[in-house]
S.K.: 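Got a structure for you, questions after.
Please read all numbers here as calculations on a predicted model, not as lab measurements.
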Amino acid sequence: YETLKSQDVKVLNINEIENNGCVSGLSKEDPSSLEDFNLWKARFTSPQKQTGLFSALIPIKLGFISCDEAVKLGRFLKSFGVNVLRMTKNQNFLLRNIPETHLSNIYNFLALNIKDFNQPPIFGKILSCAGASTCQLGICLSRQAARAIMDVLEKSNLDLDKLGDIKLNISGCPNSCGQHPVADIGFFGKAARKDNKLYPAYSVLAGARMYDGKTRLAEVVGEIAARDLPSLVKDLLNISLTKKSVNYKDDLKELLIRYKDVPSFAEDRNYYFDWDAQNLFSLNERRSGECSAGIFDLIEMDLGNIKETRKKIILAQDNIKQKEQLLYELVFYSARTLLITRGVEAKNEDEVFKVFQENFIDTGLINIKFKALIDSGRKKDYQSLFAEETEVNNLAENIEQLYENMDNSFNFKVGIEQSVPATVKNFRGVACPMNFVKIKIELAKLKTGQILEVWLDDGAPIENVPGSVISEGHKIIAKNQIKDYWVVMIEKG
């Protein structure tokens with residue numbers, strides 16, 4: 001900076017743009033519908049401080065406008081000069097410096113060329129990130145969920161014009177691309193589980209306040225299945241329209257109680273598909289190992305199950321049968337909690353116990369003394385578990401401690417020393433992100449500079465995994481295609 005200051009650098013002059021209205025070659029028109037024009041003017045226009053000039057918002061649903069619409073809009077706006085068009089952070093267009101005499105011209109153009117231009121303002125204020133449909137970090141299909149919300153609101157009888165300036169923002173994962181921390185009502189995608197089956201869900205946030213010196217971010221107030229998201233929004237807005245004073249945090253907490261019970265797969269399989277998705281929800285479908293947020297969601301869910309089950313066991317002291325069942329559940333949750341860090345999504349209870357033993361007890365991450373509990377769990381031998389209540393609680397504590405000592409690459413700092421693995425690992429048939437998780441586990445067993453050879457399928461695996469490996473600090477030293485798969489040589493960093 002000091003060097004640049006000493007040089008003869010030309011000063012950057014930024015000329016101030018004047019806000020004044022100009023219209024060339026465009027005569028004043030009467031609105032095609034006076035009643036609808038007056039409604040549009042009330043909804044989307046506001047006077048500027050410059051006398052006789054107005055700003056007008058053009059709502060663009062979720063930021064999508066066709067090429068044809070955009071070209072027509074650009075050509076039409078040429079008549080109003082160069083200082084007329086802005087894009088807002090809510091993915092809408094804002095027209096500036098429009099003479100009040102020509103607002104009817106703007107209205108007539110929009111009526112002919114822009115679909116749904118005069119709906120209640122909330123439809124232009126629903127904001128969503130791209131979500132899992134295109135984003136490598138996405139967990140849920142947030143944009144499709146936003147469209148589902150709009151569909152429900154369009155069919156409702158709610159007087160949406162009375163909602164005022166409400167911000168409803170959705171992100172497909174905990175990252176804030178959908179701006180959920182600054183929303184009146186915010187959501188971010190996560191993975192949830194019911195009866196060992198994954199389903200898409202959202203954490204629900206509320207309470208953001210954006211004022212100079214008094215700003216605060218929204219806080220999480222609960223979670224909801226993705227399938228129930230449109231109904232929740234409709235119910236909340238209905239409450240907002242009937243109350244004089246609105247407290248979104250308190251209202252949401254009460255509403256979420258209605259939606260806490262998710263039906264089983266047999267009762268309603270729709271809950272286990274994301275909006276507009278053709279396949280069952282799964283983290284395996286995600287395109288990159290970077291979607292660790294979904295993995296941590298599942299871990300923390302089972303850690304919560306462990307905590308709640310231990311509380312229930314204390315309260316069930318006089319009910320032996322209930323206590324036996326709860327002790328079985330505690331062993332089951334303990335066994336399932338960290339399986340996903342080993343690249344495993346068990347399909348049933350028996351497989352949970354089997355792969356837990358293979359990945360945690362046989363490897364020395366969990367003491368072999370707990371093998372008897374796992375065997376009792378597989379056999380559903382409730383009486384044996386009842387007799388070993390202390391050890392059941394110790395197993396749960398061991399799992400919690402193991403999680404606390406896990407690094408961000410899903411490696412654990414406890415357990416027996418493991419032997420160096422084979423130099424070749426075949427991960428063909430393993431989908432993203434599990435192939436990346438498995439590679440991270442194998443690399444954790446190697447010393448810096450050692451080589452791991454992995455086999456990956458063509459397509460998404462070879463497109464995504466090498467980049468994720470490099471981002472972890474390792475080196476790709478060779479990458480060769482063999483028929484329909486790839487051989488990748490990785491040097492541990």
S.K.: Among M150, Q91, K61, K167, which residue meets the side chain to side chain contact (heavy atoms under 4.5 Å, CB included) test with I126?
M.R.: M150

S.K.: Carefully, step by step, assess N83 and N19 under the rule side chain to side chain donor-acceptor pair (under 3.5 Å).
M.R.: CA-CA 7 Å; N83 186 16; N19 289 303; 3.1 Å; yes

S.K.: Measuring centre to centre across the rings, with the benzene-like ring taken for any Trp, is Y271 within less than 6.0 Å of Y199?
M.R.: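 No; Y199 has its ring centre 6.0 Å or more from that of Y271.
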
S.K.: Evaluate the ring planes of F117 and W40, with Trp represented by its six-membered ring, and classify them as parallel (under 30°), tilted (30 to 60°) or perpendicular (over 60°).
M.R.: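 Ring orientation of F117 relative to W40: tilted.
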
S.K.: Does K41 make a cation-pi contact with F54 (under 6.0 Å, within 45 degrees of the axis)?
M.R.: yes

S.K.: If you draw a 6.0 Å radius around CD in Q278, do more than 12 non-hydrogen atoms from other residues or ligands fall strictly inside?
M.R.: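 No, the 6.0 Å shell around CD holds no more than 12 heavy atoms from other groups.
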
S.K.: When you measure from the centre of the six-membered ring of F109, is the NZ or CZ of R75 closer than 6.0 Å and no more than 45° off the axis?
M.R.: no

S.K.: Closer than 4.0 angstrom, basic N to acidic O: yes or no for D274 and R227?
M.R.: no

S.K.: Give the ring-plane orientation class for Y202 versus F187, where under 30° counts as parallel, over 60° as perpendicular and anything between as tilted.
M.R.: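 Geometry flag for F187 against Y202: perpendicular rings.
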
S.K.: Quick one: does N92's side chain have a donor or acceptor within less than 3.5 Å of a partner on I60's backbone?
M.R.: yes

S.K.: What do you reckon, are the aromatic ring centroids of F265 and Y272 less than 6.0 Å apart?
M.R.: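 Yes - the distance between ring centres of F265 and Y272 falls below the 6.0 Å cut-off.
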
S.K.: Using a strict threshold of under 4.0 Å (side-chain N to carboxylate O), is an ion pair present between R258 and D235?
M.R.: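 Yes, charged N to carboxylate O under 4.0 Å.
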
S.K.: Would you call R193 and D302 a salt bridge, taking side-chain N to carboxylate O under 4.0 Å as the test?
M.R.: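 Here R193 pairs with D302 in a salt bridge, since their nearest N and O are under 4.0 Å apart.
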
S.K.: Taking H180 for its side chain and C173 for its backbone only, find out whether a donor-acceptor pair lies under 3.5 Å.
M.R.: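 The answer is no, because no donor-acceptor pair under 3.5 Å joins these two groups.
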
S.K.: Do the charged groups of E69 and K72 touch, with an N to O distance under 4.0 Å?
M.R.: no

S.K.: Closest heavy-atom contact between S176 and P181?
M.R.: OG-CG, 3.4 Å

